[in-house]
**Q** 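Please find one structure pasted underneath; my questions will follow.
When a ligand or atom number is given, it counts from 1 through the structure's own listing order. In what follows, every heavy atom counts, from backbone to side chain, and hydrogens, waters and symmetry copies are set aside.
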Amino acid sequence: MALGGPNAYRDAVNALWERQPVTGKFDVKLVFSDPVDPDPSERPLVERIFAAYRLAKLDQAKQDPVFLPDGGWKNVTESAYAHLIEGNERDDIDRFHYFLSNFGAWEQPTGIGESWVFSKLRASDRKRRHFERYKMPKLIQWWQTFESNGRSLSELSMPSFGNQGGALVDGHRILPESVFSEVNARLLTGFVDSERPLLAELGGGFGRLCYFLSRKISNLTYLGLDLPECLCCASYYLMMSFPKKRFLLYGEGDLSRDCFSEFDFVLRPSFEITRLEDQSIDLFINENSLGMFPADACRLFVSEICRTTMAFWHRNHEVRRDPMGNGTTTLVNREYPIDRDQFDEIARYCDVARLVGHDRAKIKSDMYWYYFRRKSRRV
Ligand SMILES: C[S@@+](CC[C@H](N)C(=O)[O-])C[C@H]1O[C@@H](n2cnc3c(N)ncnc32)[C@H](O)[C@@H]1O
């Protein structure tokens, strides 16, 4: 006879797992700051992002509605990113800059980070202690034991632009999710071999994976395609993190083959995907986003990715479907329209983040990654 509901078993398993002794000793402190005032010296960079955002919003309104956010993501955009939306509507760059300076410490869920979780941890001594004594040390110990190969914890650290919350571990600023971005970036580095690889990412959030990829592939060219709001966060985070790299934002020049030799980072609204040339991308990446798109948008983006890329890596839901409000649901991995006559499925594996990080022992831990490679060489 079952005692308690399924959550009782999950919570008991989690509690036991988290309390296994950690062999290494780590000094962990939660970091979550109050909002900061924008730094006036950033203004020229923020003006570029503001101009790109305003133009992207104008042009987004002229696109097929399939390119607009929908379902849960529409709600997230309208609530958490209100400072950007209102900054545009009121021509108020101060409001816009304030959000960019603080998106990593935002109390409302932005969908691209865990700031709202850190805010809750800060509010409760018990939860904060649990994070500092159990959650974060276990995660770091896992990385050190299986993934570090003797490398220092500095490999996991990220700059705090955007007032990022997270943890200070032995003096290194680390986001829990950056542990898995480091692991995935290393995996992806093995999938590209050109001297100056062109990687494209759809829905890259604020650029966490891109940040780690850039550290590992020094001559990387990166094309980031996203909704205008998240693109602002990625532009700000990456431009602040890599001040010497060359960035092309929306409205600053066309998306042409030439731009990829002139610039290191090309950041554009996702509706521009239709403008890419056939088979022009070395590796297209999508993490945790196609699985939340409406079905018609997911099909369109996957078809465009298959048209434009030589290889495709994605990490999305295997069985979980989210309702979209109009009676439809999101798609699961096996329903993505990937033409098996054109692409070989080289590898497929369960997402280690969901097994190691949290949510163990739940069928909802259903993220799998897939790696597809085009059969024919470039035309
Ligand atoms: C949950 S976040 C994932 C961010 C990042 N890939 C990660 O794993 O942390 C979802 C991403 O998909 C993007 N997105 C959501 N709906 C979209 C749509 N309809 N078209 C294009 N991008 C969309 C969001 O802007 C965001 O960057």
Side-chain angles (χ1 to χ4, degrees), residues 53 56-57 59-60 63-81 84-85 103-104 106 108-117 158 162 164 166 175-185 187-188 199-213 222-238 250 267-274 284-305 313-317 320 322 324-326 328 330-331 351-354 357 367-369:
Y53 177 63
K57 291 305 278 183
D59 290 350
Q60 187 188 39
Q63 304 299 318
D64 186 316
V66 73
F67 290 108
L68 299 175
D70 205 353
W73 198 263
K74 183 169 184 287
N75 301 337
V76 169
T77 308
E78 287 168 358
S79 52
Y81 296 85
L84 298 186
I85 296 168
F103 75 86
W106 216 243
Q108 282 166 296
T110 56
I112 56 172
E114 296 176 293
S115 52
W116 62 282
V117 177
M158 294 190 77
Q164 301 291 332
L175 293 173
E177 292 190 333
S178 57
V179 173
F180 302 107
S181 295
E182 195 281 330
V183 171
N184 286 333
L187 177 81
L188 293 172
L199 266 67
E201 183 175 18
L202 174 67
F206 76 91
R208 197 179 54 246
L209 180 61
C210 171
Y211 174 79
F212 284 98
L213 283 166
Y222 175 85
L223 167 65
L225 296 167
D226 207 333
L227 293 170
E229 286 71 24
C230 285
L231 204 60
C232 291
C233 299
S235 305
Y236 178 77
Y237 191 80
L238 296 169
Y250 192 52
L267 301 171
R268 315 289 286 202
S270 43
F271 55 75
E272 281 216 306
I273 194 168
T274 55
F284 225 118
I285 298 167
N286 178 263
E287 258 204 305
N288 191 21
S289 46
L290 281 166
M292 58 177 64
F293 285 18
D296 54 349
C298 179
R299 286 193 197 98
L300 181 138
F301 276 108
V302 172
S303 307
E304 282 296 300
I305 289 171
W313 181 87
H314 79 88
R315 180 176 76 83
N316 283 295
H317 290 295
R320 173 177 149 183
D322 290 330
M324 292 311 289
N326 58 359
T328 65
T330 54
L331 298 185
D351 173 33
V352 73
R354 297 288 163 130
M367 297 294 250
Y368 264 67
W369 63 255

**Q** Would Ala297 count as a contact residue for ligand 1, given that I'm defining contact as a non-hydrogen atom of the residue lying under 4.0 Å from a ligand atom?
**A** no

**Q** Would you indicate whether the side-chain heavy atoms of Glu114 and Leu175 approach each other to under 4.5 Å?
**A**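 SC-SC contact between Leu175 and Glu114 ruled out.
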
**Q** Please indicate whether Lys74 has more than 12 foreign heavy atoms, meaning atoms of other residues, nucleotides or ligands, lying under 6.0 Å from its NZ.
**A** no

**Q** Quick one: does ligand 1 sit under 4.0 Å from the side chain of Asp226, the backbone, both or neither, non-hydrogen atoms only?
**A** side chain

**Q** Would you say Gly205 has any N or O atom under 3.5 Å from an N or O of ligand 1, going by distance alone?
**A**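 Among all N and O atoms of Gly205, at least one is under 3.5 Å from an N or O of ligand 1.
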
**Q** Could I get the full list of ring pair (Phe, Tyr, Trp, His ring centres under 6.0 Å) partners for Tyr236, not counting sequence neighbours?
**A**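 Ring pair (Phe, Tyr, Trp, His ring centres under 6.0 Å) list for Tyr236, sorted by chain: empty.
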
**Q** How far apart are the closest heavy atoms of Arg268 and Leu231, and which atoms are they?
**A** C-CD2, 3.2 Å

**Q** Within the structure provided, determine whether Asn184 and Leu209 are in side-chain contact (heavy-atom separation under 4.5 Å).
**A** yes

**Q** List the closest protein heavy-atom neighbour of atom 17 (C) of ligand 1: residue, atom name, distance to the nearest 0.1 Å.
**A**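 In this structure, atom 17 (C) of ligand 1 has Phe293 CE1, 3.2 Å as its nearest protein heavy atom.
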
**Q** Relative to the heavy atoms of Ser289, which atoms of ligand 1 are at a distance of less than 4.0 Å?
**A** 10 (C), 11 (C), 12 (O)

**Q** With a 4.0 Å heavy-atom cut-off (strictly under), which part of Cys230 contacts ligand 1: side chain, backbone, both or neither?
**A**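 Only the side chain of Cys230 comes within reach of ligand 1.
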
**Q** Using 30° and 60° as the class limits, which term best fits the ring planes of Trp313 and Trp369: parallel, tilted or perpendicular?
**A**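 Tilted, since the angle between the ring planes falls between 30° and 60°.
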
**Q** Taking N or O atoms only and a 3.5 Å limit, does Asp70 qualify as a polar contact for ligand 1?
**A**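 No; the residue has no nitrogen or oxygen that sits under 3.5 Å from a nitrogen or oxygen of the ligand.
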
**Q** Would you check the N or O atoms of Glu201, main chain and side chain alike, for any that come under 3.5 Å of an N or O of ligand 1?
**A**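 N/O-N/O distance below 3.5 Å does not exist for this pair.
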
**Q** Between Arg208 and ligand 1, does any nitrogen or oxygen pair lie at a separation below 3.5 Å?
**A** yes

**Q** So which protein heavy atom does atom 3 (C) of ligand 1 come closest to, and at what separation?
**A**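 The closest heavy atom on the protein side is Asn288 O, 3.5 Å.
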
**Q** Taking the side chain as every heavy atom from C-beta outward, state whether Thr330 and Leu290 have any pair of such atoms under 4.5 Å apart.
**A**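 Sidechains of Leu290 and Thr330: no contact.
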
**Q** Is Leu68 touching ligand 1 with its side chain, its backbone, both, or neither, if touching means heavy atoms under 4.0 Å apart?
**A**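 Answer for Leu68: backbone.
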
**Q** Please list, chain by chain and in numerical order, all residues satisfying ring pair (Phe, Tyr, Trp, His ring centres under 6.0 Å) with Phe284, sequence neighbours excluded.
**A**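 Not a single residue meets the ring pair (Phe, Tyr, Trp, His ring centres under 6.0 Å) criterion with Phe284.
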
**Q** Counting from 1, what ligand 1 atoms have a heavy atom of Gly111 closer than 4.0 Å?
**A**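 Those of ligand 1 that fall under 4.0 Å from Gly111 are 1 (C), 2 (S).
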
**Q** Can you tell me the protein heavy atom closest to atom 5 (C) of ligand 1 and the distance?
**A**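 For atom 5 (C) of ligand 1, the nearest protein heavy atom comes out as Gly203 O, 3.6 Å.
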
**Q** N/O to N/O below 3.5 Å, does that happen between Met292 and ligand 1?
**A**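 No - when backbone and side-chain N and O of Met292 are compared with those of ligand 1, no distance drops under 3.5 Å.
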
**Q** Among all protein heavy atoms in this structure, tell me which lies nearest to atom 26 (C) of ligand 1, with the distance rounded to 0.1 Å.
**A**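 That would be Trp73 CZ2, 3.5 Å.
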
**Q** Between Glu229 and Lys57, does any side-chain N to carboxylate O distance fall below 4.0 Å?
**A** yes

**Q** Would you confirm whether Trp73, through its side chain, and Met292, through its main-chain N or O, come within 3.5 Å as a donor-acceptor pair?
**A** no

**Q** What atoms in ligand 1 come closer than 4.0 Å to a heavy atom of Ser270?
**A**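 In order of number, 21 (C).
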
